[in-house]
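Take a look at the structure below.
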Amino acid sequence: MVRPKRTVVKANEVNTRSKSAVSPAGVSKRKPATARKLTSNDTSNSAVVQKPTATSKKPIFDHWLMKSEPDSRYEKGVEMKFSIDDLIKEPKSTAHWDGVRNYEARNLLRDQMKLNQQAFFYHSNCKQPGIVGVMKIVKEGYPDHTQFNKSDPHYDASSLLDKPKWYMVDVKYVRKTKRLISLEELKKLHTEHKKSLPKGVLHDLSLFTRSRLSVQPLTKEQFDFILKLEHQDK
DNA sequence: GCCAACGTTGGC
DNA sequence: GCCAACGTTGGC
């Protein structure tokens, strides 16, 4: 599994409004992320995803961006790094994205991420933050076992076996992007897209509007737009 | 290493 | 349920 960069912190299920999450898939290790609340608000999901209706224009989020730290960092004595190369090295290049400890992210992992959907692998908290590859969801949300492991940095004593608080998905490596699509570049585009008259597709990219979320939702339009950048020289 | 943004905790 | 204090994320 991967590890997110953040730590565990057990979030309790209390905050309703929170939203962040992090965590990568994990293969070998995992890291946490945050998500939103749970128990109490299981029903209220984050509002991130909506269903299409003939009349509404709510965006459909069926693509993802998942953050992981490629550089070595220790949390409770456990190394948290998980780069795209680490994912590639996993058996079948597949990992669980464990360690997310944020309710909003948890809700995405548990409820919204579906089989075969694509996700960007994003390197964070490193020299060159940005998108480095593409992966796909190969197993939908299921309980993150690390919450029950006392020796795991993301152990959560408040989570019950029969009512797990935290979830993860499995992701499989698809390919690296032809080049790093940097945070800097995305930020520039985001700024332009906010200013342009009809706003551009990246005007509300969650990487900037919800920067601390470790698992972020994207529309197909956003995903495709960003992926096309790999063909530009930059 | 700093620090802004924002999530979490816990008293009241 | 509010909100101040505190903790974390993650870019810079």
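Below, read A as the first sequence line, B as the second, and so on, with proteins coming before strands; counting in each chain starts at 1.
Salt-bridge annotation for A/Glu75 and A/Arg73: present, with a side-chain N of the basic residue lying under 4.0 Å from a carboxylate O of the acidic one. Between A/Lys176 and A/Glu230 there is no salt bridge, since no side-chain nitrogen of the basic residue lies less than 4.0 Å from a carboxylate oxygen of the acidic one.
The side chain of A/Arg212 has B/dC6 as its nearest neighbour among B/dC6, B/dG7, C/dG11.
Spacing between atom CG of A/Asn125 and atom P of C/dC12 amounts to 12 Å, rounded to whole angstrom units. Taking atom CG on A/Leu213 and atom P on B/dC6, their separation rounds to 11 Å, with Å as the unit. Rounded to an integer number of Å, the gap from A/Arg73 CZ to C/dG11 C1' is 14 Å. The interatomic distance linking A/Asp71 (CG) with C/dC12 (C1') rounds to 15 Å, in whole Å. Between the P atom of C/dC12 and the CD atom of A/Glu184 lies a distance of 8 Å, rounded to the nearest Å. Counting to the nearest Å, the C1' atom of B/dG7 and the CZ atom of A/Arg106 are 15 Å from each other. Atom CD of A/Gln216 is separated from atom P of B/dC6 by 12 Å (rounded to the nearest Å). Atoms NE2 (A/His123) and P (C/dG10) sit 14 Å apart, rounded to a whole Å.
Residues passing the side chain to side chain contact (heavy atoms under 4.5 Å, CB included) test with A/Lys92, sequence neighbours excluded: A/Thr94, A/Lys172.
Grouped by direct or indirect side-chain proximity (heavy atoms under 4.5 Å, Ile/Leu/Val/Met/Phe/Trp/Tyr only), A/Val138 sits alone.
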